[in-house]
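Structure, as structure tokens:
Every chain is numbered from 1 and lettered A, B, ... according to where its sequence line falls, protein lines coming before strand lines. None of the values given here were measured: they were computed from a predicted structure.
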There are 2 protein chains.
Amino acid sequence: MSATLKDISAKANTSEATVSLVLNGRHYNRVSQATRQKIESIAREMGYVPRRAAQVLATGKTHNIGVILNDLSNPFYGHYASLIQQRLWDNGYTCLPMETGASRDRQRNLLAWLPQKSVDGIIALEGLWDGDDDYLDVPLAAPFILRHQNQGKPTGEYSHVSVDYEHGVTQLVAHLKEQGWDKVGLLIQPQQLPHVDELEHPRTRMLHQAMHVHGLRCPDKWWYPAEESKSMEHWYQQTIALLKDHPQINVLIVHNAIATPAVYAGAEKAGRCVGQDLAIASFDENSFTPWLRPGVTVVHEPMQDIAQQLVDLLLEQIKNPNTASKVIKTKTQLIVRGSTQRAR
Amino acid sequence: MSATLKDISAKANTSEATVSLVLNGRHYNRVSQATRQKIESIAREMGYVPRRAAQVLATGKTHNIGVILNDLSNPFYGHYASLIQQRLWDNGYTCLPMETGASRDRQRNLLAWLPQKSVDGIIALEGLWDGDDDYLDVPLAAPFILRHQNQGKPTGEYSHVSVDYEHGVTQLVAHLKEQGWDKVGLLIQPQQLPHVDELEHPRTRMLHQAMHVHGLRCPDKWWYPAEESKSMEHWYQQTIALLKDHPQINVLIVHNAIATPAVYAGAEKAGRCVGQDLAIASFDENSFTPWLRPGVTVVHEPMQDIAQQLVDLLLEQIKNPNTASKVIKTKTQLIVRGSTQRAR
DNA sequence: CTGAAAGCGCTTACAG
DNA sequence: CTGAAAGCGCTTACAG
């Protein structure tokens, strides 16, 4: 429909090659001012728009990046998607978000599909699998960066940005103890791993370790699982059950702050009063955590930094495929709010 | 790097054309069983993956759809993105979400950029402009569908899915009146329109009309603006200000349920008790509206239906470019929760 | 400083 | 039932 290089070159009495050079700004001292200006003005007046597909075919670069995440309707991933797409856009790349719905199979499929979707690189926000190492099974058709939550594992063969829960979690546990909350119930999001203990999420592991160090009580029986974030009802029910079954508990740590409104409601239903006889803490800051009453104490990761590093690392790797894989660690931070402070 | 049609055809002793036909399933009675199976097995063992770019260049179809929305980190849009991408994926299309950040200029830019990004069609979730008609200024390089919130305007030249607020809003106003809430304060999200009254959002207009019919009091002075959803602090402050300035108010209607946690906090700060001496209602269901205490009464649109219709309408138009533009209306619905019910 | 030409990897009439 | 060939719209050595 619209103009092509050939059309322009015809009108400008030059070759397609020259037009291409000018329009891509690769005309150092190669093209004369006169032809250059002529070409530019003709291109403008013809409303020339390059066909991406032709460029992609000729150059082998798509300028597309696949971003694998659980679920765009979850604001945690939505926020990441937003941050990443922003930074990609600023670097001339387009972001293709791919939802896995937290399903392992679907994630595997996506990874296999992505080459067809033609991307120059892949960012995965979540490794669902044990040590994330299953990624290595999949033929990695493109540079790959992972947001990695697994402390203990070695670096592996690909770069990743590692979320270090230790700092924030240690702060949290110290803070709880200092406020006199000492009997911890856990609301856990089960991992979908057949052969791994379902409680073995890095968050859980770090918590467990820190609680041990600080002498907080948290027997295994006080760890209740709850389904993926979609089903708030389940979090509500599990909160009630946990508090009814183990009335000694005076702190609830919730795997994911998305669920806290339901947990607050459950605590109330169970006859508890947050800030008085029950503390609640969680992970991941979001738009409402400051506004629930009382506000939710959370351990949160520096999402903006992480998004930036994921993108930068990936683009660096695309530009220079031979660089060794890198690992960047980022620290989590505790944000204290009313939910863990003893009401005066 | 990986195999091409030529490689396969060489190994199978056939032509590229035949391979292409087989691999695309377009081999009715054109290709013999034998060659077909040979080709398929060779393709499999060579791990053949078609280059999208080459297909796009040859066919002119990208199977990409641009989705224009304000902000992925807002769960309202995130949820839409999720629904739309799901349905697109099921139809073999990829979804390219493009954030405008609610900026008119950026939206305009995006529309201009999209052809370069090579999309087969465009879905816009929000028309920021007066009557959405400015869309017509922009050269529409591809089939286009709009989620349209503007009741009064005529259909325009392109298809859209129209959100009909009338039903839900009428239900809301009747419900409020029945519960004895009669003095309405509005927290409004200003539109970024230079020459249009900033309060003229379709939601506001429908509300105003319905309140008039049912005789609820809501003078213009009780309409306070609040910034875009990002700044919850501002909603908090405006809630306090509105309630302090006009203590007669006994209902607050909030433009967007994302803001309700801050509004609840503001109401508490202003010495009000939701469900006792103040009702709160809002628009758009989300994950926490059922769980705030009391739960938030909302007017909500059938997001799943709308997403589906947006996609289906667009794909239909892509398949058949000559069909006349269509308008589909969808009804909003009231969900009553504690926030508007008189505590017994 | 500029042009002719090959090539990127497919698809699609067309001819047999 | 199958193949040869043109074409999609660019980019990039290469030769002048």
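Atoms CZ (Arg51(B)) and P (dG9(C)) sit 6 Å apart, rounded to a whole Å. Regarding Tyr48(B), its OH atom lies at a distance of 11 Å from the C1' atom of dT11(C), rounded to whole Å. To the nearest angstrom, P of dC1(D) lies 12 Å from CZ of Arg36(B). Residue Asn24(B) contributes atom CG, which lies 8 Å from atom P of dT12(C) at whole-angstrom precision. As a whole-Å value, the separation of Arg52(B) CZ from dG9(D) C1' is 17 Å. Protein atom CG of Leu23(B) is 13 Å distant from nucleotide atom C1' of dT11(C), rounded to whole Å.
Using a 3.5 Å distance cut-off with no hydrogens or angles, the side chains of Thr323(B) and Gln317(B) do not pair a donor with an acceptor. A donor-acceptor contact closer than 3.5 angstrom is absent between the side chains of Thr330(B) and Asp305(B).
Within the structure, every side-chain polar atom (N or O) of Thr59(A) is placed at least 4.0 Å from both OP1 and OP2 of dT11(D). Between Thr35(B) and dT2(D) there is a side-chain N or O to OP1 or OP2 distance below 4.0 Å.
Non-hydrogen atoms lying under 4.0 Å from DNA chain C are contributed by Leu5(B), Glu16(B), all within residues 5-16 of chain B.
Here the nucleotide nearest the side chain of Leu21(A), chosen from dG9(C), dA5(D), dT12(D), is dT12(D).
With a cut-off of 3.5 Å on both pairing distances, the Watson-Crick and G-U wobble pairs of DNA chain D assemble into stems of 3 or more at C:1-3 with D:14-16, C:5-12 with D:5-12, C:14-16 with D:1-3.
Comparing Thr18(B) and Thr4(A) by the nucleotide of DNA chain D that holds the closest heavy atom to each, the one mapping nearer the 5' end is Thr18(B).
Results of the salt bridge (charged side-chain N to carboxylate O under 4.0 Å, His left out) test with Asp312(B) over Lys326(B), Lys319(B), Arg87(B) single out Arg87(B) as the only residue that passes.
Judged purely by atom type and a 3.5 angstrom limit, Glu99(A) uses its side chain to pair as donor or acceptor with the backbone of Leu72(A).
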